[in-house]
Amino acid sequence: MKDYDPVEIEKKWQERWEEEGVDRAEVDESREPFYLIFAYPGVSGFLHLGHMRCYSYTDIIARYKRMEGYNVLFPTGTHPTGNQAYSLSKHLQEGVPEKIDYMKRNGATEEDIERVKDPMELVTYFNEVYIDKYWKKFGISIDFDYFTYSTREDYKQFIKWQFRKLKERGLLTQKDYFGTECIECGPVAVDPSETDLSKGGTAEKQEYTLLKFEYNGRYITAATLRPETVFGQTNLWVDPEEGYVVAEVEGEEWILSKEAVEKLKYQKDDVKVIDTIMGEDMIGDYVKAPVIHRDIIILPASFTDPDVGTGIVTSVPSDAPYDWIALRDLKQDEDTLKRFGLEGKIEDVEPIPIIESKDWGINPAEKIIHEMDIQSQRDDDKLETATQKIYKSGFHTGKMLDSCQDYSGMSVQKAKEMVKEDMIASGEADIMYDLSEEVVCRCGAKVVVGKIPDQWFIRYSDEELTEKSKKHATDMEIKPQSYADNITETIGWFQDRSCARKGNWMGTEFPFDEEWVIEAIADSTLYPAYYILAKHYNDGIIEAENMTEDFFDHVYLGKGNIEDVSKKTGLSKETIEDIRSDFKYWYPLDLNLGGKEHMTVHFPPFLMNHVGILDEEYWPKGIFVNWWLVGKGGKISKSKGGAEPIPDTAEKYGVDTLRLFYAHSASPFVDKEWDEDEVFNYRKKLNSIWNKVHRMKETDGGKNPVDEYLRSRFYSLVMKGNEYMQDHELRKAASVVYYDIPSEIDWYFKRGGCNGELMDEIAKGMLKLMVPFTPHIAEELSDMWNIEYLVKSGLPKIPEDGISKKAELEEEYIKEVRADIKQILDIADVEGEKIHIYTAAGWKEKAVGMIIQQPEKGMGVMGELTKKLDAPAKQLSKFVQHILKDLREKGAKDSWSIDMNEYEVLKGAAAFLEEEFQAQIKIYPPDGSSYDPTNKSSQAIPRKPAIYVE
RNA sequence: GCGGGGGUACCCGAGCAUGGCCAAAGGGGCAAGGCUUAGGACCUUGUGACAUAGGUCUCCGAGGGUUCAAAUCCCUCCCCCCGCACCA
């Protein structure tokens with residue numbers, strides 16, 4: 001026997017499979033199609049072991065479906081859209097050392113690095129790397145004839161068509177958008193993964209309502225997150241030490257902090273600083289407050305921050321703890337009052353109750369300050385907490401009081417929106433966006449919230465689209481269940497989504513406005529429909545210029561007269577019909593697999609774009625979400641480095657080992673920590689299977705009583721494994737194949753099984769079950785039986801006589817007897833040289849037979865039993881009780897109804913038990929105990945013989 | 001805040017929907033023995049407590065409840081994790 005050498009085997013079979021074309025997908029009307037994809041990767045660097053988790057799952061399902069007899073289409077592509085490929089290329093141009101090192105570490109040569117300084121070359125380079133060093137090397141059974149990528153001309157044609165359709169259906173719109181952007185590089189994503197950032201991933205974009213206070217023909221502006229509290233305004237807070245500016249904003253003059261005006265420049269069209277003004281110069285003056293139209297006084301405070309809002313705060317002492325305490329402090333601070341000439345001016349500045357909430361009643365600020373014992377306006381942490389508490393309670397349970405004009409009686413939640421909108425409409429307020437903490441771009445520049453005028457949006461808020469998508473989602477097969485429960489919710493809150501960008505981005509030009517480039521999420525929704533066409537492009541049958549609107553309309557929507565379409569596209573009728581029928585054959589997509597990061601990013605628009613554009617019969621049928629593979633410190637990510645290069649790991653352990661690790665070491669629906677020791681255990685597992693299959697091959701004995709048991713157990717497990725695979729329960733299925741079945745084979749050998757024919761049957765069956773998970777080793781081992789291409793052979797068929805409940809029951813019985821004997825030997829202080837096994841008295845077996853006829857009668861059968869059986873009355877009643885209890889508690893009726901001759905079964909296993917316990921075994925038939933010194937035999941009950949050891 | 005998912009033995013992890021062969025699968029780790037002693041190898045056994053006959057007791061985040069019977073159903077509480085968008 002040769003040792004298991006995965007590297008050699010894997011290379012050999014990958015080459016042979018390619019020659020044989022086992023991954024090829026051709027239309028075959030006689031077979032049921034199954035179409036699946038994984039979410040194609042963005043081109044941003046080398047793939048990591050987390051990607052391979054998803055690809056392995058996809059391949060396992062693809063191979064299983066092939067074994068099941070489906071005609072499987074499994075294509076892939078790549079997604080260079082966006083700026084990731086671009087920025088890597090740029091970094092290499094600039095010679096960033098980490099990036100160069102990163103490339104080299106992953107096997108790029110000097111020439112490669114030189115070449116990929118051109119972004120388009122970088123895309124080509126990575127396309128090759130992904131295909132040759134990752135997918136092919138991992139034995140992922142993709143048909144690369146369908147390969148495409150999102151910056152190729154043909155793909156772009158497809159995307160343009162898609163956007164024309166969206167527009168046609170009223171699903172595109174244009175409006176201003178406020179998004180996060182780096183002041184140097186343009187739009188960036190602010191999210192915890194910090195893909196684009198060097199700092200501030202947890203920041204939130206906040207929308208402030210900017211209140212305008214009339215002041216000498218200008219407006220003092222104050223930002224608030226709680227517009228509904230304007231009714232409780234009593235004064236303004238200004239920092240006397242702070243230098244504010246006067247800025248011209250869209251024709252008005254606003255007073256605000258320097259920091260605020262810098263931010264506003266990105267959000268308003270005409271912002272110009274024209275003057276400065278010190279805080280102290282405003283103290284004591286009066287301004288006209290919005291909505292309430294009362295004159296309120298400007299007072300000094302120290303808690304304001306020029307970098308938060310406008311650096312000027314409107315004071316609502318009833319509901320804002322900061323305001324309440326600042327006001328109290330000021331009233332007691334005679335020096336300050338004197339300094340600003342405020343004596344006698346602020347006595348009547350008092351909190352005005354505006355909101356009543358469940359937990360805090362009215363005037364919550366005062367209450368919470370006493371409760372939390374807050375001493376001063378500098379007690380930041382406590383004040384922050386207090387503010388949060390009041391806000392939470394107020395937002396959910398609060399009601400506006402009578403002091404709130406038309407909004408009285410309204411819930412805070414509702415009033416908040418309405419007050420804001422009304423104030424903006426009347427010109428008393430505006431909107432200002434800010435980030436909750438400092439955010440810095442990867443390039444080192446500041447990230448701000450900026451206005452993008454006339455941004456294009458896909459209208460995912462569209463009611464009809466939302467409803468249709470939600471409904472369809474409930475009919476889809478979505479794994480895991482938690483996401484199936486969730487996705488309709490997600491679709492529900494999905495708002496309009498910007499779909500194009502300006503700047504140096506790779507992607508498709510927006511068809512109605514060439515300045516814009518369609519962004520990465522928007523051009524990766526309908527693409528599974530395009531792979532089918534990409535093959536024809538790859539085959540040279542169609543060119544990008546043939547792909548006109550009429551062409552796609554006909555292929556995807558069946559629109560238009562074929563003669564016309566042929567004329568307009570310059571393609572023959574046959575070609576067009578051919579492509580159309582390919583699409584009709586393969587579509588809809590059966591399964592789309594992707595990581596959990598896609599749950600709120602890719603899958604909803606993927607589904608909604610299908611619903612929005614294609615006919616219902618082509619809407620996708622399934623989604624499978626896998627969680628991440630994480631390193632010790634968190635997610636393994638492309639951008640932040642990560643684990644060692646995959647090709648090296650694959651050589652070290654073999655890809656079958658890695659695939660088995662993915663399939664079995666954890667449920668797909670949890671994050672899994674990468675652990676090399678664990679991987680090594682799977683390598684050992686495959687070694688042991690290798691050895692076991694060789695042993696099975698060498699076994700050439702004759703029939704044996706245990707044969708029927710093993711055969712039955714095997715086919716029972718095959719059925720179980722199939723059920724798991726139907727549900728995409730990959731881990732459970734792998735457990736059956738790699739653990740349950742081998743351990744039954746071990747038991748078989750242990751029991752002395754040696755049937756060569758049966759071993760052939762089971763080994764071949766087991767290898768077929770292994771194909772989806774570890775195809776290379778399975779194929780190699782199957783060579784011993786001269787099977788030509790095991791991966792094409794189909795699943796093991798379950799013979800009609802394959803499963804015998806009786807055989808399984810009998811063997812279970814022996815296992816139990818063995819366990820009982822072992823337990824007795826463990827605890828009893830006996831030699832254990834002789835073991836006597838007494839089967840139950842004949843009348844007991846008969847009694848059981850009668851009881852299970854009518855177990856519902858309970859003890860009612862006693863009379864009948866006494867009459868019919870020759871049994872000791874006392875024992876009988878005790879026994880009947882026992883059996884009834886057993887039936888009731890364990891629901892054992894099924895197994896009782898199978899006939900079993902215990903005496904014969906035990907005799908058959910006697911040699912085995914003697915060997916096991918190195919003891920003499922003596923078995924007695926019912927009522928046939930010739931030697932029984934302790935009267936053990938009376939304790940025997942059917943299915944549980946009495947045992948006496950000496 | 002909104003929405004979702006969890007807490008099971010040394011660890012990971014099944015079971016929980018349909019309560020009862022559940023002291024609780026499987027794997028890992030650890031221990032003992034065997035076998036080899038060049039490979040992180042392989043095989044057996046053990047791994048809640050007690051028990052000189054197959055038994056008993058305790059146990060599935062905490063506390064209550066329903067039931068003949070609860071890891072499983074109901075209630076309360078505590079704790080942990082994840083997603084919330086222009087990031088592929």
Side-chain angles (χ1 to χ4, degrees), chain A residues 39-44 51 79-82 84 177 179-180 187-197 201 204-205 388 391-392 395-396 455 457-458 460 480-483 485-486 489-490 492-501 519-522 524 594-602 604-605 627 637-639 664-667 669-673 675-678 680-685 687-688 691 731-732 735-736 738-740 743 746 750 812 816-817 819-830 885-886 888-892 895 934 936 939 944-949:
Chain A
Y40 56 7
V43 177
S44 61
H51 288 103
H79 190 213
T81 306
Q84 301 214 69
Y177 176 68
T180 48
V188 292
V190 174
D191 69 89
S193 78
E194 301 199 334
T195 313
D196 301 340
L197 308 176
E204 283 179 53
K205 185 173 81 182
Q388 288 296 328
Y391 177 70
K392 259 185 214 174
F395 185 74
H396 288 100
Q455 170 70 269
F457 288 83
I458 299 178
Y460 290 121
Q481 188 56 41
S482 59
Y483 185 52
D485 297 340
N486 237 330
E489 201 77 32
T490 309
W493 61 250
F494 232 69
Q495 291 304 305
D496 295 351
R497 190 174 185 121
S498 66
C499 58
R501 287 172 167 173
E519 66 84 53
I521 291 159
S524 57
K596 68 174 180 178
E597 68 279 17
H598 293 108
M599 290 196 291
T600 54
V601 179
H602 167 244
W627 266 232
S637 92
K638 279 184 284 192
S639 49
H664 187 261
S665 78
S667 150
F669 316 127
V670 293
D671 287 336
K672 173 66 195 168
E673 198 167 293
D675 177 353
E676 289 219 22
D677 290 343
E678 209 179 329
F680 189 72
N681 279 323
Y682 285 100
R683 174 56 197 273
K684 287 194 290 191
K685 181 43 131 180
N687 267 333
S688 102
N691 295 336
R731 179 174 197 248
K732 290 181 179 177
S735 232
V736 168
Y738 294 86
Y739 292 89
D740 296 351
S743 78
D746 286 343
K750 191 187 173 91
E812 287 307 322
E816 272 167 38
V817 170
D820 280 350
I821 295 171
K822 188 181 270 177
Q823 195 175 3
I824 292 166
L825 287 170
D826 278 353
I827 51 177
D829 186 20
V830 286
K885 188 168 168 242
D886 195 54
R888 191 173 64 236
E889 287 187 356
K890 298 174 180 169
S895 65
T934 56
K936 272 278 168 192
Q939 288 174 25
K944 190 163 178 71
I947 296 161
Y948 176 64
V949 182

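Note that the structure is predicted; figures quoted are calculated from it, not measured. In what follows, every chain begins at residue 1, and chains take the letters A, B, ... in the order their sequences are listed.
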message: Give me the distance, rounded to whole Å, that separates B:C60 from B:C10 when you measure between the C1' atoms they each carry.
response: 16 Å

task: Using a 4.0 Å cut-off on protein heavy atoms (strictly under), produce a 5'-to-3' string for nucleotides 28-42 of chain B with B for base contact, S for backbone-only sugar-phosphate contact, and - for none.
output: S-----------BSS

- prompt: Is there side-chain contact between A:N681 and A:K685, with heavy atoms separated by less than 4.5 Å?
  reply: no

- request: With P as the reference atom in both, quote the distance from B:G65 to B:C11 in angstrom, rounded to an integer.
  value: 30 Å

Value in whole Å for how far the P atom of B:G5 lies from CE of A:M599: 12 Å

- prompt: Taking the same atom, C1', in B:C21 and in B:G15, what whole-Å distance lies between them?
  reply: 15 Å

field: Who pairs with B:C77 - Watson-Crick or G-U, where each distance is under 3.5 Å
entry: B:G61

- prompt: Can you list the residues that meet the side-chain contact (heavy atoms from CB on, under 4.5 Å) rule with A:T490, with sequence neighbours excluded?
  reply: A:W493, A:F494, A:T600, A:P604

message: Between B:C68 and B:U76, how many Å separate the two P atoms, rounded to a whole number?
response: 24 Å

- prompt: Measuring from A:Y460:OH to A:Q495:CD, what's the distance to the nearest 0.5 Å?
  reply: 12.5 Å

- line: Paired to B:G26 by Watson-Crick or G-U wobble criteria (both distances under 3.5 Å) is B:C12

field: Partner set under ring pair (Phe, Tyr, Trp, His ring centres under 6.0 Å) for A:F680, not counting sequence neighbours
entry: none

Counterpart residues, side-chain contact (heavy atoms from CB on, under 4.5 Å), relative to A:E489 (two or more places apart): A:N486

- line: Rounded to whole Å, CZ of A:F669 lies from C1' of B:G6 at a distance of 16 Å

Inter-residue atom distance A:H602.NE2 - A:H79.NE2, 0.5 Å rounding: 8.5 Å

- prompt: To the nearest 0.5 Å, what is the distance between OG1 (A:T81) and CZ (A:R501)?
  reply: 10.5 Å

task: Determine the Euclidean distance between corresponding C1' atoms of B:C78 and B:G61; express it in Å to zero decimal places.
output: 8 Å

Short N/O separations, protein against nucleotides 13-15 of chain B, under 3.5 angstrom:
| residue | atom | partner | partner atom | Å |
| --- | --- | --- | --- | --- |
| B:G13 | O2' | A:R731 | NH1 | 3.3 |
| B:G15 | OP1 | A:K732 | NZ | 2.9 |

message: Once rounded to the nearest 0.5 Å, what's the spacing between atom CG of A:L825 and atom CD of A:Q823?
response: 10.5 Å

task: Could you check which nucleotide pairs with B:A38 in any of the strands shown, counting Watson-Crick or G-U wobble with both distances under 3.5 Å?
output: none

query: How would nucleotides 44-56 of chain B be written as a contact map, 5' to 3', with B for base contact, S for sugar-phosphate-only contact and - for no contact, using protein heavy atoms under 4.0 Å?
result: -S-----BBBBB-

- request: Give A:W493 one of three labels, base, sugar-phosphate or nothing, depending on what nucleic acid heavy atoms sit under 4.0 Å from its own.
  value: base

field: Watson-Crick or G-U counterpart of B:C87, or none if no pair lies under 3.5 Å
entry: none

task: For the pair A:H598 and A:I521, evaluate side-chain contact (heavy atoms from CB on, under 4.5 Å) and give the outcome as yes or no after the intermediate values.
output: CA-CA 10 Å; A:H598 293 108; A:I521 291 159; over 6 Å; no

field: Nearest-0.5 Å distance, CZ of residue A:R731 to OG of residue A:S665
entry: 7.5 Å

field: Atom C1', compared across B:C84 and B:C30: separation rounded to whole Å
entry: 44 Å

message: Measure CD/A:E597 against C1'/B:C87 and give the value in whole Å, please.
response: 10 Å

Whole-angstrom distance between B:U72 and B:U8, as gauged at atom C1': 12 Å

query: Using purine N1 to pyrimidine N3 plus N6-O4 or O6-N4 for Watson-Crick, or N1-O2 and O6-N3 for G-U wobble, each under 3.5 Å, what pairs with B:A31?
result: B:U45

Rounded distance in Å - CG (A:D496) to C1' (B:A85): 12 Å

field: Between B:C81 (P) and A:W627 (CH2): distance, integer Å
entry: 17 Å

field: Test ring-ring contact (aromatic ring centres under 6.0 Å, His included) applied to A:Y738 and A:H664, step by step
entry: CA-CA 9 Å; A:Y738 294 86; A:H664 187 261; 7.9 Å; no

query: Parallel, tilted or perpendicular for A:W627 and A:F669, by the 30°/60° rule?
result: perpendicular

task: Figure out the OH/P separation between A:Y682 and B:G27, and round it to whole Å.
output: 10 Å

- prompt: Tell me: CZ of A:F494 to C1' of B:G3, nearest whole Å?
  reply: 15 Å

- request: Give A:Y40 one of three labels, base, sugar-phosphate or nothing, depending on what nucleic acid heavy atoms sit under 4.0 Å from its own.
  value: nothing

- request: Return the nucleotide paired to B:G3: Watson-Crick means purine N1 to pyrimidine N3 with N6-O4 or O6-N4, wobble means G-U with N1-O2 and O6-N3, both under 3.5 Å.
  value: B:C82

- prompt: To the nearest angstrom, how far is A:Y460 atom OH from B:A85 atom C1'?
  reply: 12 Å

message: Side chains of A:P605 and A:I458, heavy atoms from C-beta outward: is any pair under 4.5 Å?
response: no

query: Expressed in whole Å, how much space separates the C1' atoms belonging to B:A62 and B:C80?
result: 15 Å

